[in-house]
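If you're wondering where the values come from, they're calculated on a predicted model, not measured in any experiment.
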Amino acid sequence: MVVGVATHKATRFATERRRGVGSLPLAHCCDSCSCGHLRVATRRRDLRREERRRGRHSAALRVRARGNEEDKEQGGGGGFVLDFNEETSKEKKTARRTVVVEEYEGEGNKYKNKNKTGVSSQSSPSNGEEGIVAKEQEEEEDGLFDIYDEEGEGGEGQGGGGDNAAAPAAALKKTTSSSMTTSSFKASMEGGGEGGIAGTVVGLAVVAASLGAVWKRNVIMEKLFSGGGGGGGGGGGDRSSTIADKDREKDERRWKQEARGRLNEMCAELKNYKQVDLSSRNLGSEGCAYVSTALAFNDVCEVVDMSKNGIGTEGILALCEALENNLVLSEINLEGNAVGDEGASGLAELLRNRQNITSINLNGNNIADEGAKSIAEMLSFNTELTKMDLGNNVIDYDGAVALANGVSQNSSLKVLNLSGNYLGGLGAKALSEGLKENTMIEELYINGNDIGDEGAEQLMKSVLGSKQPLRKLDLSNSGISQAGIVSLCEYLKSKDCKLEWLSLYMNDVSSGGAIEIAEAMKVNTSLDHLDIGGNNIGFDGVKAIAEAIKENQGITTLEMGYNPLSKEGASILAEQMKFDAKIKTLRLGWCKLGADGGQAIADALRFNETIGTLDLRGNTLGDKGVSAISQSLKIVGLEGLSQLDLGYNEIKDDGAFALAQAMKANPEGAATSINMSNNYITKMGKTALEEAASMVNEFTGKEVSIQY
């Protein structure tokens, strides 16, 4: 007699019960079995599941095999009984793991297994407990037990785990229903002369590319959602799982479904809108590859923002492959990803072949000299690209030399951003050589490269000699002193100068350099925006700038923050602004004005009708200074001021009350944006300001925004 241990599902237990013994049914191998062979396959996991189903988790299963003659006398066949009792001794716990195997006479003396491939295996029942455990593991790996096979199929079908790709494939079948399938291709081929796709070579190429895009999406989807060790059955490994494991798998399945839904929504946006913002969606390379398939053969989307998504080289290369079949997209933003040199090379190859893209942003993508060389080579051939941002990368001297060569041969680029790299003085000198041959660049951002006086001098000489149509120039944070300003001022004085926007923020120009700039301002007629903040400009420098403002009627934005102007400098500047200035934006933050300097600015506001934005942050104005400004704001008819920044000024409730009264007295002239952050205003002062803002809205309809 052979007795094995395992379980069948509840429905497989025979309805026949042993009279007077136990409470569970016997399971015969078949109803018409003539060999008298009874086999019950019981597995530990199935028994635990049976316990949970019966609600008896605290009970342990003890399997006892009985085959006595008394059973035979009662008319039953030889067999054994499953009995549930509590374990009370170590011996019983050990007996649970022991399987007694005996032999029948005749054909049933060997236990045979057959794996999924049809190869049979035999094992001797006399090898003891270790041999039987090994045999059970083989059976488990071969998936011989029906309950495991059924569970594995269900787990894979739902969770998409292991190596099974049926679930993602089924999901993809729904998401790509609108794409051309193989069956539709065959149908079109059978159309013959009815204008089907098979009629022309171009049609065949389009169909092949479409099918390729669909196939690629399937591959990406399988990679996204069928990887990992989720699901049951086909995944291999230990099949035992706890409730926590199942909960985790359930959460993973739900997450995958949600992620798949979000990706499909993004694809729908790309297919239906001209401008699509996909920034900060945490796409990664895989998500980018999936979404990129919606851009292939897309004739709708013209502008796409995929910045800050953690896209690496693989995602960028997949995007390039998709855009090979796109003739509509004109602007793409990839800022803040991880393109690298290899990705930059792929994009350069794309821009060399597909010239419908006119603007590309690669700011902050860890592109070094090799990537810059590929981009430079592309510039020699591309005739449509007008804007390129390579700021905040790791481009050094070699990359600067290559870019200079590309710029010299390019005839379309108008905006070039190289800020925040490592060009240095030598790189700036090399770039200046390329700018001599280029007559198209209108905006050049080279700040944060530490080019120094020598680099600035070489750069401005090249621009001056080439009659460059430069309109915006950013040289902030470049280590330029008074010596490096001389060439710049010569350019500002020239008749060919068309510069409208100039930033020298955070250099070391000092008062001497400010005097040089002031002399150039008296002659220059094109400059509109001047930023000389953070240059250690004192009283002499600001006095020269104030006198230049009187003669220069073109400057509308003056930024002089982070300079030690003091109350004397503020008085000189304010006196000049009363009647002569055309300035609309004045920024004097962190200039050590004090309450007296605030009083001087307040006096200027009584007469000035042009200032719309006034920045006075960090000047320790206090309640006295704010009260003086508030008195000027009470004047009916003063309606130009729209933005007022009073942050970091040690203002208390008295200053807040004064400003609130000014808003109530002149609601038409109240600013729409007021910054009172980082002061000492309590709830009472805030309430007064909020009430004043409500009254302004009631009388004028203007929405007043107050930041605390």
Side-chain angles (χ1 to χ4, degrees), residues 265-281 283 285 287-312 315-340 343-367 371-372 374-376 378-379 381-393 403 406-407 410-420 440-445 471-472 474 501:
E265 289 176 1
M266 296 178 198
C267 291
E269 290 183 40
L270 292 171
K271 293 178 180 179
N272 293 290
Y273 298 100
K274 290 186 177 181
Q275 297 185 3
V276 180
D277 185 358
L278 300 180
S279 61
S280 303
R281 302 289 186 92
L283 287 175
S285 294
C288 176
Y290 181 80
V291 171
S292 298
T293 58
L295 288 172
F297 303 101
N298 188 310
D299 58 354
V300 177
C301 186
E302 298 177 358
V303 179
V304 61
D305 185 353
M306 302 179 72
S307 60
K308 302 175 183 177
N309 273 296
I311 302 171
I316 294 298
L317 295 179
L319 176 63
C320 293
E321 184 177 349
L323 293 180
E324 286 287 347
N325 300 305
N326 186 299
L327 300 176
V328 177
L329 190 69
S330 60
E331 296 183 20
I332 182 168
N333 186 354
L334 295 171
E335 178 183 0
N337 287 295
V339 173
S345 299
L347 288 169
E349 185 67 23
L350 170 69
L351 294 175
R352 183 173 178 174
N353 299 327
R354 289 295 182 192
Q355 300 194 15
N356 51 292
I357 296 178
T358 60
S359 175
I360 184 168
N361 188 344
L362 296 174
N363 194 300
N365 273 283
N366 198 33
I367 299 173
S374 300
I375 292 173
M378 174 272 298
L379 290 175
F381 296 92
N382 189 290
T383 59
E384 297 295 332
L385 188 66
T386 60
K387 182 178 180 180
M388 182 170 64
D389 190 342
L390 293 174
N392 298 303
N393 284 292
L403 288 172
V407 167
N410 185 272
S411 60
S412 62
L413 195 64
K414 294 182 179 181
V415 181
L416 177 61
N417 184 3
L418 294 173
S419 60
M440 294 298 296
I441 291 182
E442 298 179 357
E443 299 180 20
L444 178 61
Y445 303 90
R471 299 185 184 277
K472 289 187 177 182
D474 190 350
W501 190 97

- Task: Report yes if some heavy atom in the side chain of Asn326 is under 4.5 Å from a heavy atom in the side chain of Ile357; otherwise report no.
- Result: no

Taken to the nearest 0.5 Å, the spacing of Ile332 CD1 from Asn361 CG works out to 10.0 Å

Nearest heavy-atom approach of Asn382 to Ser412 is O-OG, 3.9 Å

When every non-hydrogen atom of Asn337 is compared with those of Ser307, the smallest separation belongs to ND2-CA, 4.0 Å

Across all chains, not counting sequence neighbours, the side chain to side chain donor-acceptor pair (under 3.5 Å) partners of Asp389 are Asn363, Asn417

Sorted by chain and residue number, the side chain to side chain donor-acceptor pair (under 3.5 Å) partners of Thr383 (sequence neighbours excluded) come out as Gln355

- [ ] Check the pair Val291 / Arg281 against side chain to side chain contact (heavy atoms under 4.5 Å, CB included), numbers first and verdict last.
- [x] CA-CA 12 Å; Val291 171; Arg281 302 289 186 92; over 6 Å; no

- Message: Are the side chains of Cys320 and Glu349 in contact, using a 4.5 Å heavy-atom criterion?
- Response: no

Distance col, row Cys301:SG vs Lys271:NZ, nearest 0.5 angstrom, shows 12.5 Å

Distance col, row Ser279:OG vs Asn309:CG, nearest 0.5 angstrom, shows 7.0 Å

Closest non-hydrogen contact found for Leu379 with Met388 is CD1-CE, 3.8 Å

Is there a side-chain contact between Leu351 and Phe381 in this structure, where contact means two heavy atoms from C-beta onward sitting under 4.5 Å apart? no

Quiz prompt | Pair Trp501-Asp474, side chain to side chain contact (heavy atoms under 4.5 Å, CB included): steps then yes or no | solution = CA-CA 8 Å; Trp501 190 97; Asp474 190 350; 3.9 Å; yes

Value for CG (Leu362) from CD1 (Ile316), rounded to nearest 0.5 Å, stands at 8.0 Å

Nearest heavy-atom contact between Leu323 and Leu329 is CD2-CD2, 3.7 Å

(message) For Gly391, is there any backbone N or O sitting under 3.5 Å from a side-chain donor or acceptor partner on Ser419?
(response) no

Looking only at atom types and distance, does a side-chain atom of Asn366 sit under 3.5 Å from a main-chain N or O of Gly340, one as donor and one as acceptor?
no

Whether Arg354 side chain and Glu324 backbone form a donor-acceptor pair below 3.5 Å: yes

Q: Test side chain to side chain contact (heavy atoms under 4.5 Å, CB included) on Asn410 and Leu385 and set out the steps.
A: CA-CA 9 Å; Asn410 185 272; Leu385 188 66; 5.7 Å; no

When every non-hydrogen atom of Ala344 is compared with those of Gly371, the smallest separation belongs to CB-CA, 4.0 Å

Requested in this report: Kindly determine whether Tyr290 and Leu283 satisfy side chain to side chain contact (heavy atoms under 4.5 Å, CB included), including the steps that lead there.
Outcome: CA-CA 9 Å; Tyr290 181 80; Leu283 287 175; over 6 Å; no

Heavy-atom closest pair (Ile441 atom, Val407 atom, distance to 0.1 Å) is CD1-CG1, 3.7 Å

Rounded to the nearest 0.5 Å, the CG atom of Leu317 sits from the CD1 atom of Ile311 at a distance of 12.0 Å

Residues passing the side chain to side chain donor-acceptor pair (under 3.5 Å) test with Ser359, sequence neighbours excluded, are none

Rounded to the nearest 0.5 Å, the CE atom of Met440 sits from the CG atom of Leu416 at a distance of 13.5 Å

